[in-house]
A.B. asks: 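The structure's right below; bear with me while I get my questions together.
Every chain is numbered from 1, with letters handed out A, B, ... down the list of sequences.
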Amino acid sequence: MIQEIQIYNTLTRKKEVFTPLVPGKVGLYVCGPTVYGPPHLGHARSAITFDLIFRFLKQIGYKVRYVRNITDVGHLVADADEGEDKIEQQAKLDELEPMEVVQIYTNLFHKAMDMLNVESPSIEPHASGHIIEQIEEVKKILDSGYGYESNGSVYFDVEKFASENEYGKLSGRKIEDLISNTRVLDGQIEKHSGLDFAIWKKAQPEHIMRWPSPWSDGFPGWHIECTAMSTKYLGETFDIHGGGMDLTFPHHEAEMAQAQAAHGKPAVRYWMHNNMITLNGQKMGKSLGNAISLEQFFSGNHPLLEKSYSPMTIRFFMLQAHYRSTLDFSNEALQASEKGLERLMNAVAKIESLPVSDSSTLNIAELTANCYAAMSDDMNSPIAIASLFEGVKFINSISDGKSTITSEDRDALKSLFHAFVFDIFGLNAEDQNESGSNEVLNEVVDLLMKLRTEAKANKDWATSDKIRNELAAIGFEIKDGKEGVSWELKK
RNA sequence: GGUCGGUUGGCCGAGUGGUUAGGCAGCGGUCUGCAAAACCGUGUACGGCGGUUCGAAUCCGCCACUGACCUCCA
């Protein structure tokens with residue numbers, strides 16, 4: 001079942017045939033969230049992108065170990081390395097223990113991921129749970145000569161590394177440009193060069209998050225956690241490393257250098273980066289203060305949102321764009337996705353009851369091949385979705401009596417749609433809002449429907465329209481179909 | 001300033017040297033007591049100016065606009 005696929009490797013800037021290190025198995029590492037704030041649309045894009053990759057690789061027969069970390073230590077909040085740990089900063093604001101903050105936002109993240117139907121990774125390691133492994137990596141880097149200790153902190157010697165290895169290749173940077181562009185920051189006296197980055201940082205007295213190490217009581221530098229955890233769970237060399245495009249520099253560049261320094265060989269074979277979500281053409285991000293949280297999307301509680309958007313709408317919206325393109329948020333675009341998704345899901349539900357004939361007027365095998373070909377070409381979900389809509393048109397046409405399908409093809413079509421819609425794209429039928437669980441409400445509305453149907457039978461249009469219009473005003477949508485009346489409570 | 005991208009029809013968004021992306025909206029139709037919903041049909045776009053070519057939206061050059069990274073960031 002395993003077929004040839006191509007993926008775009010940021011390192012080489014082109015699509016490459018994907019060949020795993022170990023046949024049939026894939027090691028995938030993705031930078032997860034820093035849990036100091038509520039999850040926003042950007043987190044969803046990354047999570048959904050790599051969820052798609054995870055799901056597709058499994059679908060075509062690979063055994064995948066997917067590691068996505070939780071960053072809960074180490075980020076510095078200020079320009080200088082003297083700054084407080086970001087998580088600690090938030091903790092002080094909230095008057096909570098740092099790990100309490102971590103727990104709160106980790107839970108929120110998990111909840112949002114569940115709602116978006118993002119599968120759990122195989123392993124979700126916390127940086128704080130791998131301090132020992134990180135210290136070991138720091139030791140290896142010191143042993144290899146690419147690190148130096150300075151006043152209790154340990155730094156990575158970028159210029160030395162660059163003189164003997166490639167540095168800047170991933171992000172397309174030249175070391176000379178970096179040197180001339182680096183800002184001179186306070187507290188840099190400890191470093192030999194402004195390019196150097198901390199791999200272990202001595203904690204200031206007031207710093208709460210701290211661990212003992214051979215150099216000082218402190219905390220690990222940001223970049224080292226991914227090297228330590230990917231090495232532990234996937235090995236010194238593994239297949240795919242993913243993350244948001246904004247992480248390519250300096251984070252991933254530093255990771256590449258560190259791993260090379262520590263292990264004497266490159267760690268990552270394919271680098272994959274998802275692009276950003278934009279809002280009015282500008283990147284949506286926590287640091288820009290324009291991030292809309294996922295909770296706000298689900299509830300519609302944000303000035304920029306005209307209405308609430310379900311998790312599946314968000315998911316489908318993202319799948320309709322290629323992961324390497326920026327995706328611009330707008331109410332109009334989201335509403336278009338919402339309707340498209342509804343049409344897709346309605347068609348899926350219809351397949352089973354489609355009437356069969358002696359012949360098919362659409363080539364299902366070809367449709368199937370197109371879908372897999374699209375995904376095999378660097379996870380081109382929008383193309384695959386376009387093919388699926390070809391199938392939707394066909395399905396509706398059959399139920400309209402204008403096209404035909406054989407029993408065999410109907411089974412194939414059903415398999416195709418189930419594989420793509422549910423397994424690969426991870427879309428699921430939405431619950432029929434809260435009304436679905438409210439039996440009494442259902443019965444009351446059904447009663448009104450019955451009264452309206454009776455009024456219609458008596459040609460008492462005044463009464464039937466009154467029932468329909470007043471229910472509509474409350475938010476109910478009344479659908480008169482050939483098989484009878486149905487209704488839905490729209491938010 | 002440096003580096004790398006982007007500019008596609010009303011909106012979102014694929015793609016590509018010559019052939020319909022797709023979704024949404026709009027329009028027309030079917031259905032309906034009328035609607036709504038649903039379904040069917042329908043659009044002919046590729047920033048500007050040059051160049052290469054039998055042929056470019058797709059390749060090259062210049063220009064304009066815009067974005068990302070260069071600091072934490074998905």
A.B. asks: Do the side-chain N or O atoms of A:N346 get closer than 4.0 angstrom to the phosphate oxygens (OP1, OP2) of B:A38?
C.D. replies: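 No, outside the criterion.
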A.B. asks: Roughly how far apart, to the nearest Å, are B:U58 and B:U19 at atom P?
C.D. replies: 13 Å
A.B. asks: Rounded to whole Å, please give me the gap between CD in A:E477 and P in B:A35.
C.D. replies: 17 Å
A.B. asks: Counting only side-chain heavy atoms from C-beta out, which of B:C39, B:A68, B:G23 sits nearest to A:Q282?
C.D. replies: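 The closest nucleotide is B:A68.
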A.B. asks: Once you apply a heavy-atom cut-off of 4.0 Å, does A:N274 come out as touching a base, just sugar-phosphate, or nothing?
C.D. replies: base
A.B. asks: Between B:C12 and B:U71, how far is it from one C1' atom to the other, in whole Å?
C.D. replies: 32 Å
A.B. asks: If the P atom of B:U44 is compared with that of B:A21, how far apart are they to the nearest Å?
C.D. replies: 11 Å
A.B. asks: Base, sugar-phosphate alone, or nothing: which one does A:G244 contact when heavy atoms must sit under 4.0 Å apart?
C.D. replies: sugar-phosphate
A.B. asks: Hey, mind stepping through A:D196 and A:D157 against side-chain contact (heavy atoms from CB on, under 4.5 Å) and telling me if it holds?
C.D. replies: CA-CA 5 Å; A:D196 296 349; A:D157 192 335; 4.2 Å; yes
A.B. asks: From the set B:A21, B:G33, B:C34, return the single nucleotide nearest to any side-chain atom of A:A386.
C.D. replies: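 Of the options given, the side chain of A:A386 lies nearest B:A21.
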A.B. asks: When rounded to the nearest Å, what value does the distance between C1' atoms of B:C49 and B:U30 take?
C.D. replies: 49 Å
A.B. asks: Mind checking who B:C69 pairs with, Watson-Crick or G-U wobble, both distances under 3.5 Å?
C.D. replies: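 Pairing partner: B:G2.
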A.B. asks: How close or far is atom P of B:G15 from atom NZ of A:K15, stated in whole angstroms?
C.D. replies: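 Atom-to-atom, A:K15 to B:G15, this comes out as 7 Å.
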A.B. asks: Picking from B:A38, B:C69, B:C12, which would you name as closest to the side chain of A:E342?
C.D. replies: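 Selected nucleotide (nearest to the side chain): B:A38.
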A.B. asks: Among all residues two or more places apart in sequence or in another chain, which pass the side chain to side chain donor-acceptor pair (under 3.5 Å) test with A:D460?
C.D. replies: A:T463
A.B. asks: When the C1' atoms of B:C31 and B:G41 are compared, how many Å lie between them, rounded to an integer?
C.D. replies: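 Approximately 15 Å lies between the C1' atom of B:G41 and that of B:C31.
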A.B. asks: Out of B:G22, B:A36, B:A21, which has the shortest distance to the side chain of A:K479?
C.D. replies: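 Shortest atom-to-atom distance from the side chain points to B:A36.
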A.B. asks: Rounded to whole angstroms, how far apart are CD1 on A:I478 and C1' on B:A36?
C.D. replies: 9 Å
A.B. asks: Do A:V348 and A:F422 come close enough that some side-chain heavy atom pair is under 4.5 Å?
C.D. replies: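 When only atoms from C-beta onward are counted, A:F422 and A:V348 do touch, with a gap below 4.5 Å.
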A.B. asks: Among A:F50, A:F238, A:F54, A:Y29, which residue satisfies the ring pair (Phe, Tyr, Trp, His ring centres under 6.0 Å) criterion with A:Y66?
C.D. replies: A:F54
A.B. asks: For B:C24, does the base pair up with any side-chain atom of A:R343 as donor and acceptor (N or O, under 3.5 Å, distance only)?
C.D. replies: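 For A:R343, whose side chain was compared with the base of B:C24, there is no donor-acceptor pair (under 3.5 Å).
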A.B. asks: If we take the C1' atom in both B:G13 and B:U52, what is their distance in whole Å?
C.D. replies: 30 Å
A.B. asks: Among B:C11, B:C34, B:G13, which nucleotide has an atom closest to any side-chain atom of A:E332?
C.D. replies: B:C11
A.B. asks: Could you check whether A:D465 gets within reach of a base, just the sugar-phosphate, or nothing at all, counting any heavy atom under 4.0 Å?
C.D. replies: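 Touches a base.
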A.B. asks: Would A:F156 and A:H223 count as a close aromatic pair, with their ring centres under 6.0 Å?
C.D. replies: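 No.
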A.B. asks: Between B:G55 and B:U66, how far apart are the two P atoms, rounded to whole Å?
C.D. replies: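 One P to the other, the span is 35 Å.
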A.B. asks: Tell me whether the guanidinium CZ or amine NZ of A:R173 lies under 6.0 angstrom from the six-membered ring centre of A:F249 and within 45° of its axis.
C.D. replies: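 Yes; both conditions hold, so A:R173 lies above the ring face of A:F249.
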A.B. asks: What is the distance, rounded to the nearest whole Å, between atom NZ of A:K393 and atom C1' of B:A21?
C.D. replies: 11 Å
A.B. asks: Compare the aromatic ring of A:W461 with the six-membered base ring of B:G33 and state whether they stack according to the 5.5 Å and 30° rule.
C.D. replies: yes
A.B. asks: How would you label the contact of A:H40 with the nucleic acid (heavy atoms, under 4.0 Å): base, sugar-phosphate, or nothing?
C.D. replies: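 Here A:H40 touches the bases of the nucleic acid.
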A.B. asks: Calculate the interatomic distance between A:K402 atom NZ and B:A38 atom P; express it in whole Å.
C.D. replies: 16 Å
A.B. asks: Could you check whether A:L288 gets within reach of a base, just the sugar-phosphate, or nothing at all, counting any heavy atom under 4.0 Å?
C.D. replies: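 Since no nucleic acid heavy atom lies under 4.0 Å of A:L288, the category is nothing.
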A.B. asks: Tell me which of A:S325 and A:P250 sits closer to the 5' end of RNA chain B, going by the nucleotide each one is nearest to.
C.D. replies: A:S325
A.B. asks: What nucleotide, of B:G23, B:A35, B:A14, holds the atom closest to the side chain of A:H322?
C.D. replies: B:A14
A.B. asks: Kindly say whether A:D465 contributes a backbone atom to a donor-acceptor pair with the side chain of A:N469 at under 3.5 angstrom?
C.D. replies: yes
A.B. asks: Check whether the side chain of A:D480 and the base of B:A35 form a donor-acceptor pair under 3.5 Å.
C.D. replies: yes
A.B. asks: Is there a side-chain contact (heavy atoms from CB on, under 4.5 Å) between A:K414 and A:L354 once you walk through the steps?
C.D. replies: CA-CA 10 Å; A:K414 188 184 166 191; A:L354 249 28; over 6 Å; no
A.B. asks: Watson-Crick or G-U wobble partner for B:U58, using a 3.5 Å limit on both distances?
C.D. replies: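 Matched B:U58 with nothing under the 3.5 Å cut-off.
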A.B. asks: Polar atoms only, N or O, under 3.5 Å: list the protein pairs with nucleotides 1-6 of chain B and their distances.
C.D. replies:
unit_1, atom_1, unit_2, atom_2, d
B:G1, N2, A:N181, OD1, 3.3
B:G1, N2, A:N181, ND2, 3.3
B:G2, O2', A:D177, OD2, 3.3
B:U3, O2', A:G172, O, 2.9

A.B. asks: Using heavy-atom distances to pick each residue's nearest nucleotide on RNA chain B, tell me which of A:I383 and A:H223 is more 5'.
C.D. replies: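 In this pair, the answer is A:I383.
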A.B. asks: Hey, does A:Y270 have a side-chain heavy atom less than 4.5 Å from the side chain of A:L28?
C.D. replies: no
A.B. asks: From NZ of A:K339 over to P of B:C12, roughly how many Å is that when rounded to an integer?
C.D. replies: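 After rounding, the gap between these two atoms is 17 Å.
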A.B. asks: Only pairs with both distances under 3.5 Å count, Watson-Crick or wobble alike; so what is the partner of B:G26 in this structure?
C.D. replies: B:U42
A.B. asks: Whole-Å distance between B:G13 P and A:L388 CG?
C.D. replies: 20 Å
A.B. asks: If you measure from the C1' atom in B:A38 to the same atom in B:C4, how many Å do you get, rounded?
C.D. replies: 47 Å
A.B. asks: Could you tell me whether the side chain of A:R468 has a donor or acceptor atom within less than 3.5 Å of a complementary atom in the base of B:A35?
C.D. replies: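 Present.
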A.B. asks: Could you check which of B:G13, B:C34, B:G67 has an atom nearest any side-chain atom of A:A321?
C.D. replies: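 Selected nucleotide: B:G13.
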A.B. asks: Return a table of donor-acceptor pairs under 3.5 angstrom between the side chains of residues 333-345 of chain A and protein atoms on other chains or two or more places apart.
C.D. replies:
unit_1, atom_1, unit_2, atom_2, d
A:Q335, NE2, A:E306, OE1, 3.1
A:Q335, NE2, A:Y309, OH, 3.0
A:S337, OG, A:Q320, OE1, 2.8
A:S337, OG, A:A333, O, 3.4
A:E338, OE1, A:K307, NZ, 3.1
A:E338, OE2, A:K307, NZ, 2.8

A.B. asks: Out of A:L52, A:D51, A:N428, which one pairs with A:R315 under the side chain to side chain contact (heavy atoms under 4.5 Å, CB included) rule?
C.D. replies: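 Filter result, single survivor: A:D51.
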A.B. asks: Rounded to whole angstrom units, what separation is found between the CD1 atom of A:I385 and the P atom of B:C12?
C.D. replies: 18 Å
